[in-house]
Amino acid sequence: MVLEKVFLPEGVQDLLMKDCHHRRLIEGRLMEEWVKQGYMEVSSPTLEYYDLFRQGEQMLRGNKMFKLIDAKGDLLVLRPDGTLPIARMVATKMKDMVYPLKICYIQDIFRLDQEQAGKQREFRQAGVEVFGVESYEADGQVIITAIESLKALGLSDFQIEIGQTKILQSILDSMAVTTDEKDEIIMLIHNKNFSTLESLLEKLDIDPKTRLILKEIPNLFGTPQGVMESVAALPINDNIKRALEELQQICHMIQAYGFGQYISVDLGMTAPLGYYTGIIFKGFTKDLGTILCSGGRYDRLLMSFGMNCPATGFALLIDQIRKALHLGQQKKKESGPPYYLLVSHEGRHEEVAKEATRLKKTGCIVEVSLLKDPQAIDIYAKRRGVDKIIEIGEKK
Amino acid sequence: MNVIKIALAKGRLADQSVKLLESIGIDCGPLLDKGRKLIVALPKDHLEVVFVKAPDVPTYVEHGAVDMGIVGKDVLLEANKQLYEVLDLQFGKCKFSVAGSTSMENYPTPHMRVATKYPNIAKNFFQSKGQSVEIIKQEGSVELAPMVGLADVIVDIVETGNTLRENGLMVFEDIVEISARLVLNQVSYKTKHQEIRGLIDRIAEKTGK
C-alpha cells in the first residue's frame with residue numbers, strides 16, 4: 001500500500017463518533033434557535049466560479065482559494081467564504097421574496113492557509129444573514145442573535161466586540177494621502193502598532209486634529225460607556241458623530257435585551273474582508289486565543305449582482321466553538337436518551353421488530369445485536385455505553 | 001489576578017529581554033538559574049515566562065498559547081501572523097540588507113538568485129520593486145552562497161557588517177531597520193487588558209516610547 005494514501009492532506013481532519021456527535025448537537029441547537037427567530041435555511045454549492053470572489057470590493061486573495069479547472073477550462077474554487085454565495089443566491093433567485101429576508105446556513109468553507117501553521121483548510125461555518133433592512137435595529141438584532149446562539153450552546157464567559165468601519169473610512173476619505181498610505185494606516189491600526197503608526201503620521205502631511213484622532217483610535221476600546229467618554233474629548237466631525245450615534249443605539253438596544261455584559265466596543269477594529277460597510281463585530285472567549293464568530297454590515301455587496309439591497313450578518317466557527325466548550329469545561333455531559341441493545345434468541349424476528357418499534361417511539365436508541373456469544377455481547381455493550389440489554393426468547 | 005504568559009526568544013534577544021523585565025521591577029531571579037527549564041513561573045509578579053526559538057514566538061502568541069512575546073521585527077515580517085505589535089523596545093537593532101560579492105559588477109541583474117533565511121521578506125521586497133528573482137531558502141551561513149556561486153546576492157540581517165567584509169561581501173541596499181518588539185495575542189489584550197496594559201505602560205516608560 002502506498003503510504004500517502006493512509007495520511008490526510010494538510011489542514012483537514014477526520015471526525016470520529018464523539019466529535020461528530022458533538023458537532024451535530026451544536027449545529028442542531030443553532031438551527032433550532034435560528035428557525036425560532038424566523039430564519040430560513042439555504043445551502044450553496046461547494047464549487048463556485050473563481051470570479052465571484054474576485055470582483056470589486058469583495059476581493060478575496062486568490063492565493064487563499066483552492067482552485068480547479070473544469071472540462072471547459074473555466075476556473076472554479078471550493079467555497080472560500082459563506083456570505084458571497086448567499087448574496088449571489090439572493091440577488092439571482094430570491095429577488096421577489098418577502099423582505100426583510102432572513103437566511104441561515106451551515107456549510108464547509110475551504111481556505112488555503114500558510115503551510116504548517118496549525119490552521120484548518122476546511123472548516124465548518126454556521127451563519128445568518130438579514131437582507132433588505134438598513135436600520136441599526138437590524139445590526140442590533142443580528143448581534144443579539146449571535147449572543148443568544150452562543151448562550152444556547154452553553155457558553156457564558158464570552159465577549160462580542162463591536163466596531164464601526166464608517167469612522168476610520170470617514171477620516172481616511174478626508175485625507176489627501178495615497179491608497180498605499182491609507183492601507184498602511186489601516187494595517188497599523190488593526191495591529192495596534194502604536195509606535196510605527198505614530199512615526200508614519202508624523203511623516204504625512206495631515207492636519208493635527210486628524211493626526212490626534214488616528215493616534216488615539218487603536219486605544220479606544222473597552223466598555224461602550226468608557227469608549228464614548230474617551231471619544232467625547234476628541235475633535236470629531238459630524239460624519240464620525242453620526243457613525244458613533246449608530247454604534248451607541250445598537251449598544252443601547254443590546255443592553256435593553258439584557259445582554260449588556262456580553263458587549264464591548266473597539267473603534268480600532270478594521271474589517272477583515274473588503275465588503276463590510278458599517279458595523280462590524282467579533283466574538284471571543286477567555287479560554288481560547290482565537291475568534292469564535294465575526295460579522296457586520298455589507299450594504300454594497302449585492303450591487304455586484306445588479307441588486308441594491310442592504311444586508312448584515314455573521315458567521316460562527318463551529319470548530320472553534322467546540323474547542324471553547326471543551327476548554328471551558330462547559331461541555332455538559334450529554335445524558336442523551338436511553339440506549340438499549342436487543343438480543344434475539346431462536347430467531348424471534350417479529351418480536352424483536354415489535355419491541356424495537358415500541359422503544360424507538362419513546363425516543364430511545366435501539367440497536368439489535370448482531371452478536372450471539374453472551375460474553376462478546378457484554379463486552380460490546382460496556383464499550384458502547386449501552387444502558388440495558390433486553391433479551392428476547394430463551395437462551396439455548 | 002490573571003497570570004500573564006510571556007514568550008521570550010532564545011538567543012540574541014533573551015538576555016536583553018530579561019534585563020528589560022528586571023528594569024521594570026520584575027523579580028527575574030528564577031530566570032537566571034532556570035537550568036534547562038522551558039517554562040519558568042514568576043509568582044510574585046503573576047507572570048509565567050516561556051522560552052522558545054525566535055521564529056516560534058509569533059506562532060505561540062497568535063494561537064493564544066501565550067498572551068505576549070518579545071521578538072525581533074525580522075521574525076514578525078517573515079511570519080506575518082495575526083497579532084498586535086504594540087511597542088518598539090529599542091534594542092536588538094540591526095538592518096535587513098541585500099548584499100553580494102564586492103566583485104559583482106552590476107546590481108541588480110535582470111534575473112538574480114537570492115539566498116536567504118527569510119524567503120518571504122526577500123520575495124516581498126523584490127516584488128515591490130518589480131524585480132524578478134529566484135529565492136533559495138537557506139538555514140544558516142548565508143554569506144557562503146555568493147562565494148561558492150549558489151546565489152548572486154543574499155538577504156540577511158546586518159549588524160556591524162564585519163562578517164560581510166571578512167567574506168568579501170558588501171551591502172548593496174538596505175531593506176528595513178529592525179529591532180525587538182512587544183507583541184500581544186489579540187484576544188488576551190481584551191480579556192486580560194488591565195494586567196497587560198499595566199505591563200505595557202511600565203515597559204513603554206523604560207523604553208521611552
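Side chains are part of it too, since the values below use all heavy atoms of this structure and drop only hydrogens, waters and symmetry mates. Proteins come first, then strands; the chains are lettered A, B, ... in the order of their sequence lines, and each starts at number 1. Everything quoted here is computed from the prediction, not taken from an experiment.
Annotation: B:Lys192, atom NZ; neighbour count of heavy atoms from other residues, nucleotides and ligands within 6.0 Å is above 12. Counting non-hydrogen atoms of neighbouring residues, nucleotides and ligands closer than 6.0 angstrom, the CD atom of B:Glu177 reaches no more than 12 such neighbours. Crowding of B:Lys137 atom NZ: a count of heavy atoms from other residues, nucleotides or ligands under 6.0 Å exceeding 12. The neighbour count for B:Tyr60 OH, taken as heavy atoms of other residues, nucleotides or ligands under 6.0 Å away, does not exceed 12. Shown here is A:Gln225, whose CD atom has no more than 12 heavy atoms of other residues, nucleotides or ligands within 6.0 Å. Annotation: A:Lys182, atom NZ; neighbour count of heavy atoms from other residues, nucleotides and ligands within 6.0 Å is above 12.
Qualifying salt bridge (Lys or Arg N to Asp or Glu O under 4.0 Å) partners for A:Asp319, counting only residues two or more places apart in sequence or in other chains: A:Arg322. In this structure, the salt bridge (Lys or Arg N to Asp or Glu O under 4.0 Å) partners of B:Asp27, at least two apart in sequence or on a different chain, are B:Lys44. Every residue two or more places apart in sequence or in another chain that forms a salt bridge (Lys or Arg N to Asp or Glu O under 4.0 Å) with B:Arg197 is listed here: B:Asp201.
Here A:Ser195 contributes atom OG and B:Gln90 contributes atom CD; the two are 8.0 Å apart, rounded to the nearest 0.5 Å. Considering CD1 of B:Ile200 and NZ of A:Lys192, their distance stands at 10.5 Å, rounded to 0.5 Å. Interatomic distance, A:Lys282 NZ to B:Gln186 CD, rounded to the nearest 0.5 Å: 5.0 Å.
At a 4.5 Å heavy-atom cutoff, A:Asp180 makes no contact with chain B through either its backbone or its side chain. If you measure heavy-atom distances from A:Thr196 to chain B, the contacts under 4.5 Å come from the side chain alone.
By the 6.0 Å and 45° rule, B:Lys190 stacks over the aromatic ring of A:Phe221.
The candidate from B:Val61, B:Asn185, B:Leu182, B:Val183 with the greatest count of non-hydrogen atom pairs under 4.5 Å with chain A is B:Asn185.
B:Val187 approaches A:Ile291 most closely through the heavy-atom pair CG2-CD1, 4.4 Å.
Listed in order of number, the residues of residues 158-167 of chain A that approach chain B to under 4.5 Å between heavy atoms are A:Glu161.
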message: As a quick check of understanding, evaluate side-chain contact (heavy atoms from CB on, under 4.5 Å) for A:Phe194 and B:Leu87, giving each step before the final call.
response: CA-CA 7 Å; A:Phe194 303 110; B:Leu87 279 181; 5.8 Å; no
